[in-house]
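Following: one structure in structure tokens, then a few remarks.
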Amino acid sequence: MCLGIPGIVTKVGVNDAEFAEVEVSSIRRTVHLGMVADSSVEVGDWLLIHVGFAIAKLDEDEAIRTVDFQAQSGKDYQQEIDAFASLIGGEDQI
Amino acid sequence: MKMVDEYRNPEKIRALSEAIRAEVGDRGYRFMEICGGHTHSIYRFGLNELLPENIEMIHGPGCPVCVLPIGKVDEALTLTNDPNVILCAFGDVMRVPGSKISPLEAKARGKDVRMVYSPLDALKLAIDHPDKEVVFFAIGFETTAPSTALTIMRASQLKVENFAVFCNHVTVGPPIRSILESADLDLDGFVGPGHVSAVIGTTPYDFVAEEFGRPLVVSGFEPIDILESILLLVKMVNRGEAAIYNQYVRAVKREGNAAAIAAISEVFEARPSFEWRGLGFIEQSAYRIRKAYAHFDAEARFAMEEISSPEPEDAICGDVLIGAKRPENCPLLGSQCTPEHPIGALMVSSEGACSAYYTYVHRTLVATKG
Ligand code: SF4
């Protein structure tokens with residue numbers, strides 16, 4: 001569960017400025033930006049996502065490398081993606 | 001994919017393992033990898049095999065579900081006796097056995113227990129079910145604690161009355177101190193955790209070098225990261241040097257993540273003492289919710305009582321957790337305890353030493369023996 005998964009920002013300011021939409025392995029989900037609040041987040045940026053929160057900004061090389069690394073671990077990455085895809089209460093996030 | 005290859009390039013891996021061999025002296029080296037993510041990488045890539053025999057890697061307590069005492073699962077499950085309560089937990093937590101059943105089994109028996117990906121999902125459930133009490137069973141080190149803190153701040157801001165957190169967040173420094181003080185393990189140095197350090201930075205480890213004279217290298221998770229960190233440790237030990245070094249500069253800054261640290265201190269304060277599996281009670285090693293947010297504190301709201309539950313018979317989870325024993329020493333491994341039917345938490349999460357050993361070593365051994 002400590003796996004941080006890289007996601008690419010597809011929309012900023014979802015609901016309010018504290019959230020952005022990111023895409024991980026073709027799945028989109030809203031994430032909280034409270035921990036990366038000191039840097040600007042724009043569409044196309046890579047974020048390290050952990051339990052629905054962006055914990056760090058990543059440069060593209062690091063993000064691609066991490067995605068590849070995790071995808072090779074098979075089951076664990078798939079579990080994380082499945083969890084990431086599980087939306088409670090539909091598309092609408094708080 | 002040049003960058004990808006760079007960290008798993010077999011030639012680079014071989015060169016590093018040779019550099020380590022050339023560097024080691026005529027002595028033993030005992031290093032602990034604190035984080036379960038590193039344990040997982042070490043088994044998955046067979047890094048142990050690449051190291052000279054006189055380097056021993058010892059698994060540490062950095063797997064959040066593994067350090068949770070059984071009694072905490074029992075405590076959380078008592079909440080579900082109230083039909084008005086929805087208990088929410090991360091996927092890994094769902095499968096951790098309590099003294100009788102796991103949260104997943106409680107769900108199968110009709111209790112309202114739900115798996116969530118994020119504490120925000122639990123908050124959303126509370127908003128969608130104003131007639132219910134939603135409790136989030138929070139666990140994790142400093143990587144996860146800020147997420148729970150920010151969720152509580154959000155709940156407070158939105159005035160969500162029916163949301164609470166059963167807070168079991170822990171901190172990584174105190175168990176390292178406790179392991180160093182116990183002296184039994186006689187460690188020469190540490191591979192420091194990656195993502196925890198992205199939050200707290202590297203200064204909280206300074207005491208390892210300053211007070212205990214041991215080196216620590218914060219490391220990334222790729223094979224080359226880990227081997228590089230081990231090489232650095234060997235060099236420092238040989239020079240009699242103790243320093244805190246950051247190998248994982250691409251994600252970790254010395255000062256950590258200020259916003260995350262601020263969220264933690266806004267919502268949480270240190271508990272005087274908290275029980276760890278295998279390590280017993282450690283002072284100032286966990287967080288509880290501050291009075292200002294008491295409304296969101298499940299322990300206060302539901303008058304929860306501490307339960308202390310014994311370890312399952314013959315299981316050696318506690319000893320494995322602190323590196324005193326190895327997974328292969330457990331009589332239950334592979335027979336009674338498997339990832340499908342875990343008896344101990346170390347078999348639940350992929351970061352648990354027993355699960356990593358079972359998946360990458362035990363199964364292969366059994367297959368080759370026929
Ligand atoms: S094999 Fe199972 S019971 Fe034995 S130490 Fe590991 S988790 Fe505990």
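Just so we're on the same page: letters track the sequence lines, and every chain starts at 1. Side-chain atoms are counted along with the backbone in the values below, which use heavy atoms only and exclude waters and symmetry mates.
- Interface check for chain B: of the options A:A37, A:G52, A:A56, the most heavy-atom pairs under 4.5 Å are formed by A:G52.
- Note that CD1 of A:I55 is 12.0 Å distant from CD of B:E142, once rounded to the nearest 0.5 Å.
- The 12-atom threshold is exceeded at CD of B:E255, counting heavy atoms of other residues, nucleotides or ligands nearer than 6.0 Å.
- Scanning all heavy atoms of the two residues, the minimum distance from A:F19 to B:L120 falls at CE2-CD1, 3.9 Å.
- Atom OG1 of residue A:T66 and atom CD of residue B:E222 lie 6.5 Å apart, to the nearest 0.5 angstrom.
- No donor-acceptor contact under 3.5 angstrom links the side chains of B:T143 and A:H50, judged on distance only.
- Rounding to the nearest 0.5 Å places OG1 of B:T144 at 10.5 Å from CZ of A:F53.
- For a residue to count as touching a neighbouring chain, one of its non-hydrogen atoms must lie under 4.5 Å from one of that chain's; by this rule B:S355 does not touch chain A.
- Residue pairs meeting the salt bridge (Lys or Arg N to Asp or Glu O under 4.0 Å) criterion with at least one partner in residues 131-141 of chain B, sequence neighbours excluded, are B:E133-B:R301.
- Ranked by heavy-atom pairs under 4.5 Å with chain A, the first of B:P146, B:G194, B:A263 is B:P146.
- Looking at heavy atoms from C-beta onward, A:L58 lies out of side-chain contact with B:R250 at the 4.5 angstrom threshold.
- Residue contact with chain A, scored on non-hydrogen atoms closer than 4.5 Å, is absent for B:A251.
- Across B:S118, B:S147, B:A259, the residue that shares the most heavy-atom pairs under 4.5 angstrom with chain A is B:S147.
- Under the ring-ring contact (aromatic ring centres under 6.0 Å, His included) criterion, B:F296 pairs with no residue at all, not counting sequence neighbours.
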